[in-house]
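Here's the structure, in C-alpha cells; my notes come after.
Convention: sequence-line order gives letters A, B, ...; per-chain numbering from 1.
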Protein chains: 2
Amino acid sequence: MTISEENYIKVIYHLSLVSPKGVNTNAIAGMLDTKASSVTDMMKKLSDKDLVSYQKYQGVTLTEKGFHSAKMIVRKHRLWEVFLVDKLGFSWDEVHEIAEELEHIKSEQLINKLDAFLGFPAADPHGDPIPDAKGVIKKIEKQLLSEVEINASFHCVGVKDSSTDFLKYLDKQKIALGSVVKVIDKEDFDDTLTVEIDGKRLTISNKIANNLYVQ
Amino acid sequence: MTISEENYIKVIYHLSLVSPKGVNTNAIAGMLDTKASSVTDMMKKLSDKDLVSYQKYQGVTLTEKGFHSAKMIVRKHRLWEVFLVDKLGFSWDEVHEIAEELEHIKSEQLINKLDAFLGFPAADPHGDPIPDAKGVIKKIEKQLLSEVEINASFHCVGVKDSSTDFLKYLDKQKIALGSVVKVIDKEDFDDTLTVEIDGKRLTISNKIANNLYVQ
DNA sequence: TTTTATTTTTAGATTTGTCTAAATTTAATT
DNA sequence: AATTAAATTTAGACAAATCTAAAAATAAAA
Ligand SMILES: [Mn+2]
Ligand SMILES: [Mn+2]
Ligand SMILES: [Mn+2]
Ligand SMILES: [Mn+2]
C-alpha cells in the first residue's frame, strides 16, 4: 500500500463513521484537498485491491480488509501522537501533522514495541481511542459537554474538533484532559454555558461545549 | 525534497567519503538498486536544485547545500537507530531498514527533541557518529582491529560493515560495542588473529578484524 | 594508436497520482 | 414530469520516477 492509498483509506474510515451507508467522492476530495476526479481514479484502484467496495455514483464503503488496514493506520497515528506528547514534550496541537507522516512507517514490530514502550495507552492526546494490535477499539464512554445535565460533575476526556485553534483556546482557558467540569448554568437564548473548571468559573459558547467530550 | 531525492543525496554523501573527487553513476545505481539511466536523470534534477554539481561523464559531487542536507538525513537516520535500540529494544541488526524510512520524516523540531530525549548521543548503535543540529560531526578516533599492534588492549567502538550477517556473527561471539579486545597473536600466512574478548579466547579471520573498529 | 570494452547518456515508454474540461448521472426544483 | 442544479465520472494531459534499448563518450587493451 502506498502512502497515498493509506491516506485515502484512513479518510474513508473517518467519514464512514459518520455516513456508514457510503462515503461521497466529494467528501473524500474535501478531506484530502484533492479533486473529485482524482478520488474516482483512486477508488477504482482501491476497489481492484479489494480495500473498498465501489459502484459508480453510489459512494464507497470499506471492505473487511480495508477496514482493518484503516484501523492499523489510525493505531499508528495515535500511538505516535502519544509518543510525541508524552516522551518528546510536544503540545497536543503540534502533533497531528507529524503523526500524519509517521503513520506510514511500515514495520508492525515497530508499532507493537512502541505500544509497549508507551505502556499500552488507551487513548491519544486528544482522547481518541487507540486500536489494539488486532484492531479492537475499546469504546470510550463520553458525552458532549453541550448535552450534559446541569450541576453534575464530569471529567474532560476528549475533543471532537482537534484543530490548532480549538486546542490553543483550551490551553488558554486551562482546560485539559482530566480537568473537572461542572455546568452551573445554561443560557436559554443561545445555550451559552457557565461552567466551573477545576474550581474556576468560566463562560463558554455552545460551539465550545459542542466540541468537548466529558465523562 | 522528495524521499527519492533524499535517498540519492545520502548515497552520494556516503560514496564521496570514499571517492571525494566525484562519484560514479554506476556506483550510485548499485547502492540504490536502480539503473544508471535513472541516476543520470536524477543527477540533472539535483543539479537544477543546486544539491550536486554534475558534469556529463565526470561524476558528481555534493554542493554545500547538498552536503548539509545529506548530514541532516544521516543525523535523522542515526538518531532513530539509537531510539529503536535504546528505547524500543530492537537489536542492532534490525534497525537499519526501519531507520531508512524514519529518516525521511520532515520535522526539524521532531529530530531535535528526539536528540534531547536520547541524551544527545554521540554515536549510533553501530558506532557511527551522529551529526549535531548544525551538521558538525565529532570524529571518533578509531582503528581497524586488523591494523592494531599485538598485546595492547582496546575497546570495540564500531563496525565498518553493518550487514545483518556480520552483526549476527558478532552477537554469536558475544562481541559488542564496549567489549575489551586484546590481540594475542597474528598468523603470518592469512592474518588470522587470536584475540581475547572480555577475557575469552577467540580466533577470528582477517575479514572480521577488517570490519571491527577499536580504540 | 587503433581497437575493444566499459561506462554513461539519450530516446522513448511505463506507472502512479494528479489535474482540467467536458460528459454523464443523480438529485432537487419548479 | 420536465427542467435545472449538483455530484460524479470520463477523456486527455502532465510531472515524477523508473525502465529498456540504442547511441555516445571515456577508459583499457592490443
Ligand atoms: Mn498521512
Ligand atoms: Mn489525535
Ligand atoms: Mn531512506
Ligand atoms: Mn547505523
Could you tell me whether the phosphate oxygens of [N], OP1 or OP2, come under 4.0 Å of any side-chain nitrogen or oxygen in [X]?
| X | N | value |
| --- | --- | --- |
| A/Asn26 | D/dA6 | no |
| A/Thr34 | C/dG17 | no |
| A/Ser4 | C/dT16 | no |
| B/Lys35 | D/dT20 | yes |
| A/Thr40 | D/dT9 | yes |
| B/Tyr54 | C/dT9 | yes |
| A/Ser38 | C/dC19 | yes |
| A/Tyr57 | D/dA6 | no |
| A/Lys56 | C/dT26 | no |

Rounded to whole Å, how long is the line connecting atom [atom1] of [X] with atom [atom2] of [N]?
| X | N | atom1 | atom2 | answer |
| --- | --- | --- | --- | --- |
| B/Lys44 | C/dT10 | NZ | C1' | 7 Å |
| B/Asp33 | D/dC19 | CG | P | 8 Å |
| A/Lys49 | C/dT16 | NZ | C1' | 10 Å |
| B/Met43 | D/dA16 | CE | P | 15 Å |
| A/Met42 | C/dC19 | CE | P | 11 Å |
| B/Ile3 | C/dT16 | CD1 | P | 17 Å |
| A/Gln55 | D/dT9 | CD | P | 11 Å |
| A/Glu6 | C/dG17 | CD | P | 11 Å |

Heavy-atom nearest nucleotide on DNA chain C for A/Glu5 versus B/Val23: which residue maps closer to 5'?
B/Val23
Under 4.0 Å between any heavy atoms, over every strand shown, what does B/Asn24 touch: base, sugar-phosphate, or nothing? Just pick one.
sugar-phosphate
Salt bridge or not between A/Glu100 and A/Lys10? Use side-chain N to carboxylate O under 4.0 Å.
yes
Nearest-nucleotide check on DNA chain D, A/Val39 vs B/Asp41; residue mapping nearer the 5' end is A/Val39
Contact summary for A/Ala29 and A/Ala36, nearest pair of heavy atoms
CB-N, 3.8 Å
Check whether B/Ser19 reaches the backbone of B/Ser16 with its side chain - one donor and one acceptor, N or O, closer than 3.5 Å.
no
Any donor-acceptor pair under 3.5 Å from A/Glu6 side chain to A/Ile73 backbone:
no
In terms of the angle between their ring planes, are A/Phe83 and A/Trp80 parallel, tilted or perpendicular, with boundaries placed at 30° and 60°?
perpendicular
Is a donor-acceptor pair below 3.5 Å formed from side chain A/Ser37 to base C/dT20, judging by atom type as modelled?
yes
Looking at B/Tyr8, I'd like to know if the NZ or CZ of B/Lys45 sits under 6.0 Å from its six-membered ring centre while staying within 45 degrees of the ring's axis.
no
Taking only the side-chain heavy atoms of B/Ala36 (C-beta and beyond), determine which of D/dA17, D/dT8, C/dT9 contains the nearest atom.
C/dT9
